[in-house]
Amino acid sequence: MIGRLSFWNKDNNSSEVDCLGCRLVSGFGLIGIGLFLLAQAKRRSKPLENYTMKGLAAAVGALGVARLGNADFLKSSAKKESEEGTTPAQSVTKDHGFFARR
């Protein structure tokens with residue numbers, strides 16, 4: 001089964017990973033999760049649980065807004081390093097030994 005999954009992943013690599021549709025789905029999904037956490041925080045009677053859940057809701061909602069806004073800190077750093085002319089420290093072309101066919 002793992003061999004099939006790794007074979008599927010090799011064939012379906014997209015050159016444009018950060019498309020508009022991907023950002024919309026993931027951004028609104030994170031905002032929805034944040035709203036759900038906020039609604040569940042209102043049901044908590046203990047103050048520590050309430051504030052913890054509200055903090056998590058705020059963090060997840062902020063990540064959703066950042067994803068919709070295409071924030072720089074959510075982009076991979078390997079792409080920036082290759083654009084500057086430096087090579088990444090580790091090559092990603094070789095599969096992990098666990099996925100190698102025997």
Side-chain angles (χ1 to χ4, degrees):
M1 170 124 180
I2 292 176
R4 289 182 187 170
L5 289 175
S6 66
F7 179 71
W8 175 83
N9 190 22
K10 287 179 190 175
D11 292 340
N12 291 326
N13 285 337
S14 175
S15 62
E16 187 177 339
V17 178
D18 199 23
C19 61
L20 178 64
C22 301
R23 282 187 309 179
L24 290 175
V25 169
S26 62
F28 283 121
L30 284 171
I31 290 173
I33 291 170
L35 290 174
F36 175 76
L37 286 172
L38 185 62
Q40 293 300 313
K42 293 179 181 179
R43 294 184 177 186
R44 304 293 176 203
S45 60
K46 297 180 181 177
L48 181 63
E49 292 177 354
N50 188 359
Y51 293 135
T52 303
M53 298 246 340
K54 284 182 181 178
L56 286 172
V60 171
L63 281 175
V65 170
R67 181 67 177 140
L68 285 174
N70 201 15
D72 286 336
F73 69 90
L74 294 174
K75 297 178 183 175
S76 68
S77 60
K79 189 175 184 180
K80 290 179 185 176
E81 290 175 359
S82 64
E83 289 175 356
E84 294 174 358
T86 60
T87 58
Q90 186 179 18
S91 175
V92 292
T93 58
K94 187 176 179 183
D95 285 340
H96 189 270
F98 182 77
F99 294 112
R101 295 190 185 253
R102 296 178 186 180

Please list all pairs meeting side-chain hydrogen bond (donor to acceptor under 3.5 Å, both in side chains) that have one or both residues in residues 23-44, counting only residues at least two apart or in different chains.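 As it turns out, the side-chain hydrogen bond (donor to acceptor under 3.5 Å, both in side chains) pairs with a partner in residues 23-44, which skip direct neighbours, are Ser26-Arg67.
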
For residues Val25 and Leu63: do they belong to one hydrophobic cluster (side chain heavy atoms under 4.5 Å, members Ile, Leu, Val, Met, Phe, Trp, Tyr)? no

Applying the 4.5 Å side-chain criterion to the ILVMFWY set and letting contacts propagate, would Met53 and Leu48 be lumped into a single cluster? no

Show me the side-chain donor-acceptor pairs of residues 31-38 shorter than 3.5 Å, one per line, residues at least two apart or across chains.
none

